[in-house]
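The analysis underlying the following values was restricted to heavy atoms, covering all of them including side chains, and did not include hydrogens, waters or symmetry mates. Whatever order the structure lists ligands and atoms in, that order sets their numbers, starting from 1.
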Amino acid sequence: MNQSTTLDETSVGRLAALLHDAETNAREVTKITDALPDLTQEDAYAIQHEILRIRLANGERLSGRKMGLTSFAKMKQMGVERPIYGFLTDRSCLVDGAELPMRDLIHPKVEAEISVITSHELRGPGCTATEALAAIDMVYASIEVIDSRYRDFRFDLVSVIADNTSAARYVIGAKGAPAALLDLRNLGVVLERNGEVLATGAGAAVLGHPAASLAALVNMLAAENQSLPAGTLVMTGGVTEAFRVDAGDTVHVTVQGVGTAELKLV
Ligand code: OOG
Ligand code: MG
């Protein structure tokens, strides 16, 4: 794949505005690579970073980072084969047990995720899972609501990176557990909808170990000369495939020995 940029600043701004409007108005748009098939991954991150700039300028606060497509279940579901990263802001944060109106979203899906908070700065390149693990302070059960801004939730790697990896809302469990007391690789994860089990998994589904996902994030940020500051919340990526939800659904995630997170769609 061509990794250099093909877009000028004006086009980056135009595409960022298009995707930002689609997100804030809950209106789907055509996948951007349909019109621009030569877009590179670098272009896509430039668009994503411009969306973050717009949102920060609108008064939102960066509240964390997310990894996406870190599990084989997700890669298979979406037909892509490489992890990607996006950003979280305070506007997308919901309290544990919150109600989320369907009208705010286009075609939401939910994912069960293991989230972490770091204790010290991590800097790549060459960050290992062992180094990343040593920087994990607390662990939380969490739910990510993804809502691709693209028609029919269909995209390729480049389009989904530009669309902030479909990030829409997230719920971090009210009560977490210290990483030092856990074996993150073997953590059992259960995703339920209306009391019925939708999927189960373990920490190992996330790139072999959730800390490997954290390390991958650090190394991708290093390519942009950025480090991951101490105290950053990181959603390490869906453990299972994502599931469509509808008004009336209650979604519940349990992470073994860690806690739970819940969300109601209204
Ligand atoms: C892309 C976002 C994937 C995850 O946890 O794998 C993601 C998508 O599937 O829409 O957030
Ligand atoms: Mg996710």
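- Between L265 and V251, the closest side-chain pair of non-hydrogen atoms falls below 4.5 Å.
- Residue M67 places a heavy atom under 4.0 Å from ligand 1.
- Remark: ligand 1 atoms within the under-4.0 Å shell around heavy atoms of F153 are 10 (O).
- Looking at D163, D21, T30 one by one, the single match for side-chain hydrogen bond (donor to acceptor under 3.5 Å, both in side chains) with R149 turns out to be D163.
- Counted by atom type alone, S63 and Y170 present one or more donor-acceptor pairs between their side chains at under 3.5 Å.
- For ligand 1, the polar-atom distance check finds an N/O of G238 within less than 3.5 Å of one of the ligand's N/O atoms.
- Close approach of ligand 1 to E111 (heavy-atom distance below 4.0 Å) involves ligand atoms 3 (C), 4 (C), 5 (O), 6 (O), 7 (C), 11 (O).
- The backbone N or O of Y140 sits nowhere less than 3.5 Å from a side-chain atom of S115 that would complete a donor-acceptor pair.
- Of all protein heavy atoms, the one closest to atom 2 (C) of ligand 1 is T165 O, 3.1 Å.
- Only the side chain of K66 comes within contact range of ligand 1, with a heavy atom under 4.0 Å; no backbone atom does.
- Between T70 and ligand 1, not a single N/O pair is under 3.5 Å apart.
- Backbone and side-chain nitrogen or oxygen atoms of L69 are examined, and one is located within less than 3.5 angstrom of a nitrogen or oxygen of ligand 1.
- Taking every heavy atom of G237 and a limit of under 4.0 angstrom, the matching atoms of ligand 1 come to 5 (O).
- The existence of a salt bridge linking K66 and E111 is excluded, since no basic side-chain nitrogen approaches an acidic carboxylate oxygen closer than 4.0 Å.
- Under a 4.0 Å criterion applied to the non-hydrogen atoms of M78, ligand 1 contributes the atoms 9 (O).
- There is no side-chain donor-acceptor pair under 3.5 Å between T6 and D38.
- A donor-acceptor contact shorter than 3.5 Å is absent between the side chain of T232 and the backbone of T118.
- Of the protein's non-hydrogen atoms, S166 OG, 2.7 Å is the one closest to atom 10 (O) of ligand 1.
- Summary: OE1 is the N/O/S atom of E111 found nearest to the Mg ion (ligand 2).
- Put simply, the side chain of N58 reaches to within 4.5 Å of the side chain of H20, judged on heavy atoms.
- Nearest to atom 9 (O) of ligand 1 among the protein's heavy atoms is K74 NZ, 2.7 Å.
- Within E144, the N, O or S atom lying nearest to the Mg ion (ligand 2) carries the name OE1.
- Between V239 and V206, the closest side-chain pair of non-hydrogen atoms falls below 4.5 Å.
- Under a 4.0 Å N-O distance rule, the pair R151/E28 qualifies as a salt bridge.
- Heavy atoms of E113 found under 4.0 angstrom from ligand 1 belong exclusively to the side chain.
- When non-hydrogen atoms are compared, ligand 1 lies under 4.0 Å from neither the backbone nor the side chain of Q77.
- Using a 4.5 Å heavy-atom cutoff, the side chains of N219 and C127 are in contact.
- Taking every non-hydrogen atom of I146 and a distance limit under 4.0 Å, the qualifying atoms of ligand 1 come out as 8 (C), 9 (O), 10 (O), 11 (O).
- At a heavy-atom distance under 4.0 Å, only side-chain atoms of V160, from C-beta outward, approach ligand 1.
- Cation-pi geometry between K109 and F153 is met: the NZ or CZ atom falls under 6.0 Å from the ring centre, inside 45° of the normal.
- Residue E113 approaches the Mg ion (ligand 2) most closely through its N/O/S atom OE2.
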